[in-house]
2 protein chains.
Amino acid sequence: MARKTGSHSEITGPKIRAEAQRLFARHGFAAVSMRQIAAAVGVQAGALYLYTPDKEALLFDLLKSHMDDLIAAWRAEAPEGADALARLERFVRFHIRFNLERAEVVFLSYMELRNLSEENFAKIEGLRKTYETELEEILKAGQAEGVFLIPDTKLATMAIIAMLTGVNTWFREGGRLSRAMVADIYWDMVRKAVGA
Amino acid sequence: MARKTGSHSEITGPKIRAEAQRLFARHGFAAVSMRQIAAAVGVQAGALYLYTPDKEALLFDLLKSHMDDLIAAWRAEAPEGADALARLERFVRFHIRFNLERAEVVFLSYMELRNLSEENFAKIEGLRKTYETELEEILKAGQAEGVFLIPDTKLATMAIIAMLTGVNTWFREGGRLSRAMVADIYWDMVRKAVGA
DNA sequence: TTTGATAATGAACGAGCGTTCAGTTAGCGT
DNA sequence: ACGCTAACTGAACGCTCGTTCATTATCAAA
């Protein structure tokens with residue numbers, strides 16, 4: 001056997017990315033072999049190298065795409081002219097919703113950064129910083145408007161993001177609370193934390 | 001060569017645990033080989049098996065000891081008769097301090113849980129739950145006293161712990177803020193978040 | 001229908017993995 | 001000084017790893 005009937009790169013390519021994401025998230029990057037990914041896709045290991053130069057590039061592509069999506073999605077949704085309080089509320093709800101929708105890759109982008117080369121690590125960190133800055137700008141604006149009372153906007157940024165991302169570690173669909181209720185409760189805590 | 005001059009299990013044993021902790025934290029459990037650990041200790045790989053039945057047990061021992069230490073340290077430090085606000089402040093400062101002092105194993109206990117067997121995973125999760133309950137009891141007490149205004153004590157517990165543990169991801173010794181200043185700022189945010 | 005490009009196979013490469021164990025040396029109580 | 005035990009070596013076991021490549025089957029355009 002060689003080429004399979006009905007095989008197309010537009011199908012196999014995304015399939016590889018999807019299976020890699022699923023397996024990396026479930027077992028960890030280092031614990032997943034190229035052969036496992038290939039088996040999940042339904043090809044031999046060698047075929048993966050038509051789609052990625054190496055294993056690390058596969059991980060990097062997943063993380064890079066995710067960060068690009070995250071930033072683009074937020075910028076598309078961020079209320080431009082609104083006051084800081086409204087923008088902060090939007091950010092909180094956006095972050096929880098977006099991250100819960102992509103739990104696998106979010107998990108990956110927190111756990112598997114150290115498996116990237118120094119160069120690729122720096123790229124992802126840069127994008128993360130870009131995203132964090134979006135929140136910090138809101139906090140600074142609120143501080144300037146006099147509606148927030150924040151001792152340190154940098155720390156508040158890190159604290160809020162850690163708090164919101166933490167939802168992914170415990171939230172289970174069909175549990176005691178719906179996503180909307182969780183978002184409401186977290187927004188209440190964040191609003192109070194910034195003194196608004 | 002066989003036994004080395006000056007070799008003693010009371011020295012080699014802890015050394016293995018220390019090097020394993022360092023390497024696991026730096027490169028990830030799956031990415032570190034028994035030979036690497038042995039080389040860092042200064043023995044051959046086979047010697048490690050005088051101290052651990054297998055690689056996973058090495059990881060489990062590190063995590064188990066850490067969780068035991070964490071819970072014991074908090075119980076030793078928790079103010080028994082105090083009011084909820086004072087107990088919460090103590091918890092916040094304790095958690096930040098204790099976790100910053102043991103950054104490596106804290107990192108491990110968040111990243112490498114999935115490398116444990118189901119059985120060992122459950123044990124660590126149980127200890128984590130025990131620790132979280134200590135915080136939730138404080139929040140419930142404060143709610144009962146009427147000094148806290150918390151929409152959901154379970155969520156508040158998760159939110160606060162995620163927020164506090166997040167300090168480990170960005171804090172660097174000799175940076176803009178000292179540990180004490182960080183603790184002050186986080187306590188301010190937590191206090192506000194619970195409505196006190 | 002022919003033909004070149006595309007998509008895949010499957011075997012092979014050298015290296016490293018966790019783990020076991022017979023053998024060897026150092027420490028130490030007698 | 002002897003002998004027992006604790007500490008460690010070094011080689012070996014069977015696997016799996018990421019990656020390469022000559023080969024082959026299918027697809028799509030001419």
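Keep in mind that what you see is a predicted model, and the values were worked out from it rather than measured. Sequence lines set the chain letters: A, B, ... in the order given, protein chains first and strands last, and positions in each chain run from 1.
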For this session: Would you kindly compare A:P53 and A:S33 by the position of their nearest DNA chain D nucleotide and give the one closer to the 5′ end?
Result: A:S33

For this session: Could you state the atom-to-atom distance from CZ of B:R35 to P of D:dT9 in whole Å?
Result: 13 Å

Exercise. Between atom CZ in B:R3 and atom C1' in D:dC8, what is the gap in whole Å?
Worked result: 9 Å

Exercise. Reckon B:V41 touches a base, only the sugar-phosphate, or nothing at all at heavy-atom distances under 4.0 Å?
Worked result: nothing

Seminar exercise, completed: Among the nucleotides D:dT24, C:dT19, D:dT19, whichever has the atom closest to the side chain of A:A2 is D:dT24

Validation: residues 138-153 of chain B side-chain donor-acceptor distances under 3.5 Å, sequence neighbours left out:
from	atom 1	to	atom 2	distance (Å)
B:Q143	OE1	B:I150	N	3.3
B:Q143	NE2	B:I150	O	2.7
B:E145	OE2	B:A84	N	3.2
B:D152	OD1	A:R176	NH2	3.2
B:D152	OD1	B:K154	N	3.0
B:D152	OD1	B:L155	N	3.0
B:D152	OD2	A:R176	NH1	2.8
B:D152	OD2	A:R176	NH2	3.2
B:T153	OG1	B:E136	OE2	3.2

Exercise. Which side-chain hydrogen bond (donor to acceptor under 3.5 Å, both in side chains) pairs, counting each pair once, include a residue from residues 82-98 of chain B, with sequence neighbours left out?
Worked result: B:E77-B:R97, B:E89-B:R93, B:R93-B:D184, B:H95-B:N99, B:H95-B:Y131, B:H95-B:T165

Exercise. Among residues 8-27 of chain B, which contact DNA chain C at a heavy-atom distance under 4.0 Å?
Worked result: B:H8

Problem set entry | Set of ring-ring contact (aromatic ring centres under 6.0 Å, His included) partners for A:Y186, sequence neighbours left out | none

Exercise. By a strict heavy-atom criterion of less than 4.0 Å, which residues belonging to residues 43-50 of chain B are in contact with DNA chain D?
Worked result: B:V43, B:Q44, B:G46, B:A47, B:L50

Exercise. Just by distance, do the side chain of B:T169 and the backbone of B:G166 share a donor-acceptor pair under 3.5 Å?
Worked result: yes

For this session: Look only at the side chain of B:K4 and the backbone of B:G42, and say whether a donor-acceptor pair between them is shorter than 3.5 Å.
Result: yes

Considering residues at least two apart in sequence or located in another chain, which fulfil the side chain to side chain donor-acceptor pair (under 3.5 Å) criterion with [X]?
{"X": "A:D69", "value": "none"}
{"X": "B:E125", "value": "B:R128"}
{"X": "A:K64", "value": "A:D68"}

For this session: Report the residues that fulfil salt bridge (charged side-chain N to carboxylate O under 4.0 Å, His left out) with A:E56, sequence neighbours left out, ordered by chain and then residue number.
Result: none

Exercise. Can a side chain N or O of B:Y51 be found less than 4.0 Å away from OP1 or OP2 on D:dC8?
Worked result: yes

Exercise. Does a nitrogen or oxygen in the side chain of A:K4 sit under 4.0 Å from OP1 or OP2 of C:dT9?
Worked result: yes

Problem set entry | Residue closer to the 5' end of DNA chain C, B:G6 versus B:K55 (nearest nucleotide) | B:K55

Exercise. Mapping B:S7 and B:Q36 to their closest nucleotides on DNA chain C, which lands nearer the 5' end?
Worked result: B:Q36

